[in-house]
Amino acid sequence: MKLLITDCATLKSNGDLTLDNFKQFGEVYEYDNISRSELLKEAADTDIILCNKTVIDKEIFDSAPALRYIGIFATGYNNIDTEYAKKKGVTVCNAGGYSTNAVAQQVIGYILMHYTKIPQYDAFVKNGGWKKSEVFSPLVFSSEEVFGKTLGIVGYGSIGKAVEKAAKGLGINVIVYTRTVRENGETRFVDFDTLLRESDIVSLHCPLNEQSADMMNEETFNKMKDGAFFINTSRGGTVDEDALYNALRTGKLSGAAVDVLKREPMSRESLLETAPNIIITPHTAWAPLATRKRLLGIVEENIRTFLQGNPQNRIV
C-alpha cells in the first residue's frame, strides 16, 4: 500500500520524532507541508492519507480512486469533507483523547499567568526593576487569587472534564454549559447565558460546527462580567476575532488567552497581535513531546484496527 503523510512539519520539532512506525503498513511518502497541486498528484494512487490540518475535500477524493482510509493526527476533523468521504466509501478515523492532559494544563497555565502576573514580574526583574527598588517587595502589578473565582466551561468532553478537575483543585468554582447534559451529582450545569453572566473566566472546549461558529461575538462578550478573562483552546472559528479585539480594547475583558485563530498561521492583518492584555500561543497546547508520541501511537493503532476490519475512533 501507499501511505501519504501530508503535513509532517506539524508533528515533529527539530527531528524529535520519527514516523518510521508507519512503514510497517506499506510505502510511506512524507511531505512537510504538501501543496494543493502536490496533493492532487500524489493522491492519484494513494491508499491511505494521514494528515493533521490538510484540507481533504471533494476534489481530492475524486482524484484518489484507490483511497480507502484517512487517519487524522488530531481530535478535530473539520478539514475533512466527511459527508463526501462516506459517499466514496472512505473510512475516516481521528485521535480523540490524546491531548486531554496537555490542553488542560495549558488552560490552567493561562489562568495562573493572567492572575498572578508572573510573566510581568519576571520581565520587571530581568529589566533591572528589582535592583532599583527601594522596598523588598515592589508591588508594581496587581495580582489576584484564583481561589473562589468561577470558571465557566463551554463543552464537556474529556478536555472540559479535565479542566474542571484541575480548576477545582485550585479552589475555583466550576459551571458548565453543554448541549448534552449528563448529570453526575457534582457538576453544576447551566444555560449559556447564565454561564456568561456568572463566570469570572470563560473557557471554550467545544467542536467547531454550525452551532458553535462565532458563538463568541459582540453580543456574547457583552453578556460576560466586566473584567472577565476569556480562553479559547478549541477552534478559532468559534470566536469573532474583531469582537474579541474590541472587548479587550474597551476593557470589557481584563484579558484573553487564545491558542487557536480562524486563520492559521496567523494572518499578517490580524488585530489580535496588538490587542491589550492578550496571551497568544501558536496552536501548541496539544504539542508536548509525550502528547505527540501518544498521538502517533493512536494513529498507528487506528490503521491496524482498520486493516483488521474493526476500525476504532471512526468518524465515518
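Residue numbers count from 1 along this sequence.
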Establish whether F25 and L67 are linked, either directly or via other cluster members, by ILVMFWY side-chain heavy-atom contacts under 4.5 Å. no
Could you check V258 against V239 for side-chain contact (heavy atoms from CB on, under 4.5 Å), going step by step and ending with a plain yes or no? CA-CA 10 Å; V258 297; V239 178; over 6 Å; no
Looking only at non-hydrogen atoms, find the nearest pair between I298 and Q312 and report the distance. O-NE2, 4.1 Å
Looking at every heavy atom in both S99 and T291, which two are closest together, and how far apart are they? CA-CG2, 3.7 Å
Is any side-chain heavy atom of C51 less than 4.5 Å from a side-chain heavy atom of I70? yes
How long is the gap from CD1 on I34 to CD1 on I49, to the nearest 0.5 Å? 8.0 Å
Pair C206-M215, side-chain contact (heavy atoms from CB on, under 4.5 Å): steps then yes or no: CA-CA 10 Å; C206 52; M215 68 185 302; 3.7 Å; yes
Contact between Y98 and R292 at the side-chain level, heavy atoms closer than 4.5 Å - yes or no? no
When rounded to the nearest 0.5 angstrom, what is the spacing between CG in N78 and OG1 in T82? 9.5 Å
Any side-chain heavy atom of Y31 sitting closer than 4.5 Å to one from T6? no
For the student: nearest non-hydrogen atoms of F147 and G171, plus distance: CD1-CA, 3.6 Å
Does N232 reach the side chain of L244, with side-chain heavy atoms less than 4.5 Å apart? no
Looking only at heavy atoms, the pair that brings T75 and A95 closest together is OG1-O, 3.5 Å
Where the side chain of N184 meets the backbone of T187, is there a donor-acceptor pair that is under 3.5 Å apart? yes
Heavy-atom side-chain proximity of Y69 to N302 below 4.5 angstrom: yes
For residues F61 and I56, report the shortest heavy-atom separation together with the two atoms involved. CE1-O, 3.7 Å
L261, L208: one ILVMFWY side-chain cluster at the under-4.5 Å cut-off? no
Single-linkage hydrophobic cluster, 4.5 Å side-chain cutoff, I231 and V176 together: yes
Do the charged groups of D81 and K58 touch, with an N to O distance under 4.0 Å? no
Determine whether Y84 and D57 satisfy the following criterion, side-chain contact (heavy atoms from CB on, under 4.5 Å), listing intermediate values before the conclusion. CA-CA 8 Å; Y84 201 66; D57 56 18; over 6 Å; no
Give a yes or no on whether E218 atom CD has more than 12 heavy-atom contacts from other residues, nucleotides or ligands under 6.0 Å away. no
For E301, I'd like to know if atom CD has over 12 heavy atoms of other residues, nucleotides or ligands within 6.0 Å. yes
Distance-only donor-acceptor check, side chains D259 and T233, under 3.5 Å: no
W286 side chain vs T100 backbone, donor-acceptor pair below 3.5 Å: no
Counting neighbours of CD on Q24 that are heavy atoms of other residues, nucleotides or ligands and sit closer than 6.0 Å, is the number greater than 12? yes
Residue of the set R182, H205, E164 for which side-chain hydrogen bond (donor to acceptor under 3.5 Å, both in side chains) holds with Y156: E164
Cluster question for you: counting only ILVMFWY and a side-chain heavy-atom cut-off of under 4.5 Å, with indirect links fine, are L112 and I278 together? no
On a heavy-atom basis, which atom in N277 and which in L248 lie closest, and how many Å separate them? O-CD2, 4.1 Å
Quick check on F22: does its CZ atom have over 12 non-hydrogen neighbours (other residues, nucleotides or ligands) under 6.0 Å away? yes
Check this for me, if you would: do K223 and E219 make a salt bridge, where the nitrogen-to-carboxylate-oxygen distance has to be below 4.0 angstrom? yes
Distance-only side-chain donor-acceptor flag, Q106 / Y110, under 3.5 Å: yes
Any side-chain heavy-atom pair from N79 and N52 closer than 4.5 angstrom? no
Linking I/L/V/M/F/W/Y whenever their side-chain heavy atoms sit closer than 4.5 Å, directly or via other members, would Y29 and I303 fall into one cluster? no
Checking salt bridge (Lys or Arg N to Asp or Glu O under 4.0 Å) for the pair D242/K262: CA distance, chi angles, key distance, verdict? CA-CA 11 Å; D242 289 340; K262 283 188 174 180; over 6 Å; no
Could you tell me how the ring of H114 sits relative to the ring of F229: parallel (under 30°), tilted (30 to 60°) or perpendicular (over 60°)? parallel
Whether K53 and E264 form a salt bridge (side-chain N of Lys/Arg under 4.0 Å from carboxylate O of Asp/Glu) is what I want to check. no
Taking NZ, NE, NH1 and NH2 as the nitrogens, is one of them in E38 or K41 under 4.0 Å from a carboxylate oxygen of the other? no
Using modelled atom types and a 3.5 Å cut-off, is there a donor and acceptor pairing between side-chain atoms of T10 and backbone atoms of D7? yes
side-chain contact (heavy atoms from CB on, under 4.5 Å) between H283 and R235, intermediate numbers included: CA-CA 9 Å; H283 205 141; R235 285 291 182 265; 4.1 Å; yes
Is the backbone N or O of E42 less than 3.5 Å from a side-chain atom of K2, with the two atoms forming a donor-acceptor pair by type? yes
Nearest 0.5 angstrom please: I48 CD1 to I5 CD1, how far? 10.0 Å
Any chance you could measure D16, atom CG, to K293, atom NZ, to the nearest 0.5 Å? 8.0 Å
Apply salt bridge (Lys or Arg N to Asp or Glu O under 4.0 Å) to residues D32 and K12 and explain how you reach the verdict. CA-CA 9 Å; D32 281 344; K12 299 185 287 186; 5.3 Å; no
Rounded distance (nearest 0.5 Å) linking atom OH of Y177 with atom CD1 of I153: 14.5 Å
Residue K165 excluded, over 12 heavy atoms near NZ under 6.0 Å: no
Could you tell me the separation between the CD1 atom of I280 and the OG atom of S270, rounded to the nearest 0.5 Å? 6.0 Å
pair D240-F221: side-chain heavy atoms closer than 4.5 Å: no
Name the residue from I175, N173, D193 that meets the side chain to side chain contact (heavy atoms under 4.5 Å, CB included) definition with E198. I175
Is the shortest side-chain heavy-atom distance between V146 and L151 below 4.5 Å? no
